[in-house]
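Here's the structure we're looking at; comments come further down.
What you see is a predicted model; the values in this text were computed from it and never measured. In listed order, ligands and their atoms are each counted from 1.
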Amino acid sequence: MSGMKALTTLMNELEDQLIVCMRCGMCQAVCPLFAETGREADVARGKLALLDGLLQEMFNDPQGVYDRLNKCLLCGSCAANCPSGVNALEIFIKARAILTGYMGLSSAKKLILRGMLSRPDLFDRLVEWGSKFQRVFSKPVNEVIGTSCARIVSPLLRNRHFVPLAPVPFHRMIPSLNSDPGSSGIKIAFFVGCLIDKLFPQVAKDAIDVFNHHGVGVFMPEVQGCCGIPAISSGDTVTFNRLVNHNLRIFDAETYDYLITPCATCTATIKEIWPMMVKDDSGDTKLKVDEIAEKTLDINQFLAANVDLEAGDAEDRGEAVGITYHDPCHLKKTLGVLAEPRSLINTNSKYRFKEMPESDWCCGLGGSFNLQYYELSSNIGGRKRDNIKATGSSIVATGCPACMMQIADMLSKSKEKIAVKHPIEIYAEVLNSK
Ligand code: SF4
Ligand code: SF4
């Protein structure tokens with residue numbers, strides 16, 4: 001679909017979905033943004049009421065509607081807790097696409113999304129170039145967490161403590177793979193995800209080691225593209241469609257049982273947002289999207305269901321250090337995955353697991369929300385940091401690299417010495433110790 005026809009279809013879909021909201025206000029209690037601002041305009045009910053008059057408002061004040069819609073973490077807490085089953089996430093994403101289609105993208109977003117992100121090969125090369133020069137403007141700040149901060153005042157980085165680009169991204173360590181199934185009899189396709197590839201390559205390396213250990217065959221094509229979430233959350237359907245088509249093409253080159261990703265956000269995007277955005281397409285793309293979405297699983301969920309997880313030495317329990325777990329919104333609220341990452345963590349007898357209070361309260365990142373509303377994002381993240389600290393743990397694990405970034409920032413700025421890990425790293429330690 002393209003142009004006005006696509007916008008009209010999206011608008012009709014939106015109208016059908018908006019009438020389901022009965023304005024009960026129950027989404028207030030779970031909205032992390034409302035908890036900070038107390039403003040009705042920020043909660044799902046307020047945004048839905050605004051969208052009810054979208055057609056009218058779009059001509060009166062399109063920028064105003066866009067700004068209010070953009071002030072949202074897209075965490076899905078409202079949708080997961082709505083008694084009427086209003087899929088607020090789908091509504092917000094489609095409304096952003098409508099407004100961007102009407103107003104166009106800003107020059108900066110056009111450059112970043114269409115000029116770079118939509119070209120996976122170029123994007124990889126630019127990020128590699130950036131990793132070589134990052135030490136010019138940043139310096140290490142917390143050894144345990146592995147964060148850096150700006151050397152000089154920077155309006156973009158502000159007082160952030162960020163995870164630096166890895167010196168060698170994962171796609172340079174292992175550019176591609178195509179191995180046969182071993183003892184498990186299963187072959188998977190591995191979708192790495194940009195953040196794991198460029199910031200946390202060890203997570204992907206551990207995932208490959210775990211697949212090999214359990215006799216899982218791996219197909220990993222070269223030059224994987226982004227899953228498209230930064231584009232579609234900015235309403236950019238052009239870049240989103242390009243990335244979906246690129247990934248469909250490269251993953252179509254082999255047959256496999258499941259498509260596995262170690263990133264909660266990539267999993268949710270491929271499984272939920274790809275089909276949502278091609279719902280009314282006919283033909284090949286829709287068929288392929290539905291097929292790949294059906295096969296897509298989070299790595300924790302795949303391992304817990306398909307291999308015999310091995311446990312560490314019980315004697316280590318005596319000296320175990322504390323570990324806790326944060327539920328990424330995209331994993332728990334969107335996909336219902338919560339027990340499996342905990343099962344992986346609990347295999348490792350070097351750690352003593354302790355639940356944190358409000359483990360599924362959003363970390364506050366919200367993608368571009370963090371760039372646009374850093375103060376608010378940090379306030380929401382501060383609540384997460386305090387809940388992590390309350391467990392007295394030395395490690396916090398979570399199944400989403402975006403949450404890992406945000407939690408690292410929050411802990412590092414408070415000078416904490418709490419390491420941030422992915423559950424697959426905790427499980428890989430068990431296998432490496434044998
Ligand atoms: S989105 Fe759901 S929870 Fe929120 S006001 Fe509407 S019906 Fe109630
Ligand atoms: S997606 Fe999250 S931040 Fe946005 S309105 Fe819903 S609960 Fe609030």
Side-chain angles (χ1 to χ4, degrees), residues 13-54 64-100 229-230 232-235 264-265 268-269 271-273 276-277 326-336 358-384 387 398 400 402-403 406-407 410:
E13 286 174 8
L14 210 59
E15 279 173 1
D16 290 346
Q17 290 165 10
L18 281 168
I19 51 172
V20 184
C21 174
M22 55 183 187
R23 309 282 193 260
C24 67
M26 285 180 69
C27 40
Q28 275 189 357
V30 294
C31 177
L33 186 56
F34 182 79
E36 286 303 319
T37 67
R39 293 185 59 211
E40 172 68 13
D42 292 335
V43 78
R45 181 174 62 178
K47 290 185 172 88
L48 295 174
L50 173 79
L51 290 175
D52 223 356
L54 182 63
V65 180
Y66 187 77
D67 289 346
R68 276 178 64 185
L69 259 189
N70 249 4
K71 199 174 171 193
C72 173
L73 294 145
L74 295 180
C75 65
S77 306
C78 45
N81 291 281
C82 172
S84 306
V86 175
N87 191 343
L89 261 193
E90 180 169 350
I91 294 172
F92 297 157
I93 286 172
K94 286 183 173 167
R96 287 183 186 193
I98 292 168
L99 283 157
T100 302
I229 189 70
I232 202 63
S233 52
S234 291
T265 301
T269 304
K271 220 170 166 53
E272 301 291 323
I273 301 180
M276 175 202 299
M277 295 310 291
H326 158 70
D327 283 293
C329 295
H330 288 134
L331 213 46
K332 182 177 174 188
K333 289 158 197 156
T334 310
L335 301 169
E358 304 179 322
S359 66
D360 64 353
W361 192 256
C362 178
C363 70
L365 185 85
S368 58
F369 178 87
N370 173 276
L371 293 175
Q372 213 176 337
Y373 301 101
Y374 185 58
E375 242 80 68
L376 263 177
S377 171
S378 296
N379 291 345
I380 298 167
R383 182 162 166 173
K384 178 59 60 185
N387 282 328
T398 186
C400 181
C403 302
Q406 169 79 343
I407 291 171
M410 297 303 111

Legend entry - Cys82 N/O/S atom closer than 2.8 Å to atom 2 (Fe) of ligand 1: yes

Where is the nearest protein heavy atom to [atom]: which residue, which atom, and how far?
atom: atom 8 (Fe) of ligand 1; result: Cys24 SG, 2.3 Å
atom: atom 3 (S) of ligand 2; result: Leu73 N, 3.5 Å
atom: atom 4 (Fe) of ligand 1; result: Cys27 SG, 2.4 Å
atom: atom 5 (S) of ligand 1; result: Gly25 N, 3.2 Å
atom: atom 6 (Fe) of ligand 1; result: Cys21 SG, 2.3 Å
atom: atom 1 (S) of ligand 1; result: Leu48 CD1, 3.6 Å

Using a 4.0 Å cutoff against the non-hydrogen atoms of [X], which atoms of ligand 1 qualify?
X: Pro83; answer: 3 (S)
X: Arg45; answer: 5 (S)
X: Arg23; answer: 5 (S), 6 (Fe)

Inset, instruction - Indicate yes or no for a side-chain donor-acceptor contact from Lys384 to the backbone of Gly364 under 3.5 Å, with no hydrogens or angles considered. - result: no

Legend entry - SB check Lys333 Asp360 (cutoff 4.0 Å): no

Legend entry - CE on Met276 to NZ on Lys94, rounded to 0.5 Å: 6.5 Å

Can you check whether [X] reaches [Y] side chain to side chain, under 4.5 Å on heavy atoms?
X: Thr265; Y: Leu331; value: no
X: Tyr373; Y: Thr37; value: no
X: Cys362; Y: Cys329; value: yes

Legend entry - More than 12 heavy atoms of other groups within 6.0 Å of Met26 CE: no

Inset, instruction - For Ser77, take its heavy atoms, then give the atoms of ligand 2 lying under 4.0 Å from any of them. - result: 7 (S)

Inset, instruction - May I ask you to list the atoms of ligand 2 that are less than 4.0 angstrom from any heavy atom of Leu74? - result: 1 (S)

Inset, instruction - Check whether any N, O or S atom of Cys75, backbone or side chain, sits closer than 2.8 Å to atom 6 (Fe) of ligand 2. - result: no

Legend entry - Region of Ala88 that comes within reach of ligand 1 [heavy atoms, distance under 4.0 Å]: neither

Inset, instruction - Please report the C-alpha distance between Asn87 and Gln17 in whole Å, then the side-chain angles of each, then the deciding distance to 0.1 Å, and finally whether the side-chain hydrogen bond (donor to acceptor under 3.5 Å, both in side chains) criterion is met. - result: CA-CA 8 Å; Asn87 191 343; Gln17 290 165 10; over 6 Å; no

Legend entry - Minimum heavy-atom distance Phe369-Leu73, with the two atoms named: CD2-CD2, 3.3 Å

